[in-house]
K.L.:
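Quick one: the structure is below, questions incoming.
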Amino acid sequence: MLLTISTTYQPATELGYLLHKNPARVQSFDLNFGQAHVFYPEATEQRCTAALLLDIDAVNLVRNKGNAMAMDQYVNDRPYVASSFLSVALADVFGTALNGRCKQRPELVVTPLPLQAQLAVVPCRDGEEWLRRLFEPLGYTVEVVQHPLDELHPEWGDSPYFTVTLSATCRLSELLTHLYVLIPVLDNAKHYWIGDDEVNKLLQRGQGWLEKHPERRRIAYNYLRHKHDLTQEALERLVIEAAQSDEEASEIEAVSEETSEAEAIETQSVPATEVLEEQAGSETGQEKSTKKRVNLHEQRLLAAFEVVKQSGARRVLDLGCGEGRLLKKLLQEKSFEHILGLDVSYQALELAQKRLHLARMSPRQRERITLAHGALTYRDKRLEGYDAAAVVEVIEHLDPSRLSAFERVLFEFAHPATVVITTPNAEYNVKYETLESGKFRHQDHRFEWTREQFQDWSRQIAERFGYQVQFSPVGPEDAEVGAPSQMGVFSRHESVA
Ligand code: SAH
């Protein structure tokens, strides 16, 4: 299996820096399925080509699996075609370039370069059309040569194997990322175990392009080896991600400025699960529903934002801040002097850091925000001395046995004057046609409460810790089952001296 990457950027040999591989040397790497070799068939000022040659040990692969040894396990296309082995090799051998890093040429990392990638053999049973539908929306010029089954017997027709050349002016990391995700999608026979981590990998690598790709659904489905539940999860999370692309976010902000808060909250919410169904049913529905979906989560955030703002808080906590969507809004509001976002997921915080462009912030802005890694179920001194806390769609992720710890951490120790908590309203789940009864909306939810359950819990807390609490629906209200989300706003009783 051979992949070549060429550039005509001048001096073209800069490609060697970007790939962290010296054009003058042949280098070999041991991988657990064989060997990868990197060399440069050409390296001049005008044009430079790096080649990645994979030498897959098919026999060893079968043996390692401990399987019965059928003939087709030895005699198959794996050693010769671009498959997920190539993705693994790309991450191993060109990992730094894939992640968009280069100490020696940082400016080139972010520069779109004239690039060309050629994959010697790509298996694509769905034909040339599918190849084009995958790469053309990403801005590539796609050249395709389909190979006959047997050159000596043209009457046998074509094979499902293609030589593919992709050309574009883009960042090297983008090209590598697209290959990393889309090669296994084309091959459609991923070799390794698919678990939660694969969803994260897909979302991480898909950031910035997958959510806009017209074939995102099928890409996720193939990448996740046709696992419906994982595909669903990935798409749901992608949607949330998509809402965060700066362009859309500012679009929403513009819309929400025009609409009154109450209107925004009550009229536009569409349950994510319903949208997913719509998405599954029709392709054009996807585009149509993007805006509505954006509004769904957006409304919870706006509702929480508004509560915090109205409270007059100057120092604000966003607990379980996730990827920083609320933090971004909070930062834009000048009345907040300091904002702390805390999350148990380091990965989420890294995304938040990117979303907020922390690295490029002016020192004054930078001082206004702290990202903290920590769990809400342990007392944390960093959370003390704040006026308000937002806890948006987080409590349902906590283990019920740890809830009481969370209650004390927030209401007793951090003890802000205002707390806003949102959580799904389980009664509304019957409205989601694709959700089996008794199931939760999200894989990671540990519970989902009815309105009564949430209100009972909240009132007990309010009483215990000296707060009063008020409830509002979030999203369109149904006469029987209420709104999809519910919000409790806790206000601390001011102690009378
Ligand atoms: N508030 C964000 C994210 C909601 S998703 C938003 O509305 O966009 C739930 C978040 O809670 C995840 O980022 C998860 O990592 C975080 N979380 C779950 N358990 C946690 C815990 N024990 N401590 C802190 N954060 C936690």
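Every number for a ligand or one of its atoms is a count from 1 in the order of the listing. For this chain, numbers begin at 1 and follow the sequence in order.
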K.L.:
Side chains of E427 and T450: donor-acceptor distance under 3.5 Å anywhere?
P.N.:
no

K.L.:
Would you say I369 and L331 make side-chain contact, with heavy atoms under 4.5 Å?
P.N.:
yes

K.L.:
Are E396 and R446 ion-paired here, with the side-chain N under 4.0 Å from a carboxylate O?
P.N.:
no

K.L.:
As an exercise, identify every atom of ligand 1 less than 4.0 angstrom from a heavy atom of G320.
P.N.:
1 (N), 2 (C), 3 (C), 10 (C), 11 (O), 25 (N)

K.L.:
Report the residue from W449, F447, F411 that forms a ring pair (Phe, Tyr, Trp, His ring centres under 6.0 Å) with W457.
P.N.:
W449

K.L.:
Within ligand 1, which atoms have a heavy atom of A375 less than 4.0 Å away?
P.N.:
23 (N)

K.L.:
I need the contact type for H297 against ligand 1. Using non-hydrogen atoms and a strict under-4.0 Å cut-off, is it side chain, backbone, both or neither?
P.N.:
side chain

K.L.:
Looking at ligand 1, does G374 have a heavy atom less than 4.0 Å from it?
P.N.:
yes

K.L.:
May I ask you to list the atoms of ligand 1 that are less than 4.0 angstrom from any heavy atom of L376?
P.N.:
21 (C), 22 (N), 23 (N), 24 (C)

K.L.:
If the cut-off is 4.0 Å to any non-hydrogen atom of C321, which atoms of ligand 1 fall inside it?
P.N.:
2 (C)

K.L.:
Say whether Y140 and H178, considering side chains only, have a donor N or O and an acceptor N or O under 3.5 Å apart.
P.N.:
yes

K.L.:
For ligand 1, which atoms have a heavy atom of R325 less than 4.0 angstrom away?
P.N.:
8 (O)

K.L.:
Below 4.0 angstrom from a heavy atom of L398, which ligand 1 atoms are there? Numbered from 1 as shown, please.
P.N.:
19 (N), 20 (C), 21 (C), 22 (N)

K.L.:
Is it true that R315 and E337 make a salt bridge, defined as a side-chain N closer than 4.0 Å to a carboxylate O?
P.N.:
no

K.L.:
Please compare D399, L349, D380, D343 and report which has the shortest non-hydrogen distance to atom 12 (C) of ligand 1.
P.N.:
D343

K.L.:
Taking NZ, NE, NH1 and NH2 as the nitrogens, is one of them in D318 or K329 under 4.0 Å from a carboxylate oxygen of the other?
P.N.:
no

K.L.:
Which of the atoms of ligand 1 are close to E393, meaning less than 4.0 Å from one of its heavy atoms?
P.N.:
4 (C), 5 (S), 9 (C)

K.L.:
Are any of the N or O atoms of V392 closer than 3.5 Å to those of ligand 1?
P.N.:
yes

K.L.:
Any cation-pi pair here, R218 with W130, using under 6.0 Å and within 45°?
P.N.:
yes

